[in-house]
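Read the structure below first, then the notes.
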Amino acid sequence: MSHEEKAERELYACGYNGFEQLPLIDPKYEKSQAVLYPAQCIFCPPYGAQLRHCLSVSWSSCSLNKGKEVLHNGFSFNQAKRKDIIRSENRVISIHNFKGSLFATASTPRNILVQRSPNNFEIAKIEDKDGRGIKAVYLDSDVNDIFVLTETDAGILEQTGGMFIYRTVFSEDQVYVLSCGKEHVLLLTKSGMVFSFGAGSRGQLGHGVVEDKVQTPTQVDAIAAIPIKDISAGGWHSAAVSEYGDLYIWGWNESGQLGFPKQTKKDKSTSRSPLAKKRRWSGKDEASKDEMTGNSSAKEEDISVTEIDTEDVTFLMSPQILDMSPPKEVLIKSASCGSRHTAAVTRDGHLYTWGSGRWGQLGHGNEWTQDTPTRVERFADGGCRVVDVYCREWNTFFVLENDISQ
């Protein structure tokens, strides 16, 4: 009997539920804006399916892929609190919500679908500049554009009238993973190299400097010699997992999402990060880049921080290993970044979360924000293990595997 036949899998979710978007079994959560403890979902993706392909989550909606139909909860087509079933004639491989429309890749020759009505997908007419159709594997987007991972390269969709034009942005090596933040994009190649492009105003590109905009995918040199097997772009931070089980992380640490101590209001203490920067935080999602201060070529020594009237925020502009070893060695299998929080699955099946917990997305039963990776204790014992995690906006989803052979 195979391992798959011996194990039961369940999908759990926690975090923001203000639009009743979480597809949970227990109806008591329908009126809960914040789901503080992980609660079981109505459907779990099959074996071999990655959560990032089966889920599309925004701050107000959640879509769950079931093969030839997609369950959509929450905000949809300018109506709040809808529950739709979107059907497809072909098997859906991956889904992604972009600016109110649901896109999908399917098992068809011209395989990008778009939701034109509340209950049905249609094949989208998508061609490259030479008029050839493309075969998409995965879709993701930042706040402005939708990006496509194909069987051979990665590119962007540019809408012209009623159709889309595909423009290649990276073809140096076959791309294995595509991940988008609010303003930046990460690419992981089959050979384990990480490239980034887009806005780098908070160090999220990992190039060692603060950058307004990088148009061309550029390799993250700090981890160029390290074989990387997984990446994730959060709102304004990034993570990469090496083949050795190390977690590298960089970008913005406003809510402790990097797992390093964040500075608090009127804190005169010294930053623990050798690449820390000081900026004024307005409390809005889009802080002005003109407010950045400090020298981007900082030496590897502590940088003292003076008292200011608003909160000091730490940046890491180059990838740095997050030490999760105490009290014993912790090896990471995969990681996922939300808007301002991060989650990681260990090789022995435990889930750790940290960063903003404003809506319970950390799964610890509270809404605390914390800058220390903390194990989700609810599933730490009892013959079960976490095998996949997916964070988006203010939510965390993960797959729990129960071994029924014992």
Revision key, fill the gap. Result for ring-ring contact (aromatic ring centres under 6.0 Å, His included) between Tyr12 and one of Phe379, Tyr29, Tyr37 points to Phe379
Point to revise | Those residues that, when tested against Glu367, pass salt bridge (Lys or Arg N to Asp or Glu O under 4.0 Å) (two or more places apart) | key: Arg358
**Study point:** Glu158 and Arg167: CA distance, side-chain angles, deciding distance, salt bridge (Lys or Arg N to Asp or Glu O under 4.0 Å) verdict
**Key:** CA-CA 7 Å; Glu158 299 173 339; Arg167 176 172 59 85; 2.8 Å; yes
Under 6.0 Å between the ring centres of [X] and [Y]?
X	Y	answer
His53	Tyr138	yes
Phe164	Phe103	yes
Phe397	Tyr390	no

Review point. For the residue pair Phe19 and Tyr16, does the interplanar ring angle fall in the parallel (under 30°), tilted (30 to 60°) or perpendicular (over 60°) class?
Key: perpendicular
Check your understanding: Taking only residues two or more places apart in sequence, or in another chain, which ones meet Arg91 in a side-chain hydrogen bond (donor to acceptor under 3.5 Å, both in side chains)?
Key -> none
Exercise for review: Verify whether one side chain among Gln204 and Trp252 offers a donor that lies under 3.5 Å from an acceptor in the other.
Suggested key: no
Practice item. Would you tell me whether Thr218 and His207 have side-chain atoms, one donor and one acceptor, within less than 3.5 Å of each other? Key: no
Keeping [X] on the side-chain end and [Y] on the backbone end, is there a donor-acceptor pair under 3.5 Å?
X	Y	result
Thr168	Phe170	no
Asp388	Leu51	yes
Asn65	Val92	yes

Would you be so kind as to tabulate the donor-acceptor pairs closer than 3.5 Å made by side chains of residues 331-338, with sequence neighbours excluded?
unit_1 : atom_1 : unit_2 : atom_2 : d
Lys333 : NZ     : Val387 : O      : 3.0
Ser336 : OG     : Cys391 : N      : 2.8

Check your understanding: How close do Lys31 and Glu20 get, heavy atom to heavy atom, and via which atoms?
Key -> NZ-OE2, 3.5 Å
Review point. With a cut-off of under 6.0 Å to the ring centre and 45° to the axis, is Lys66 in cation-pi contact with Phe43?
Key: yes
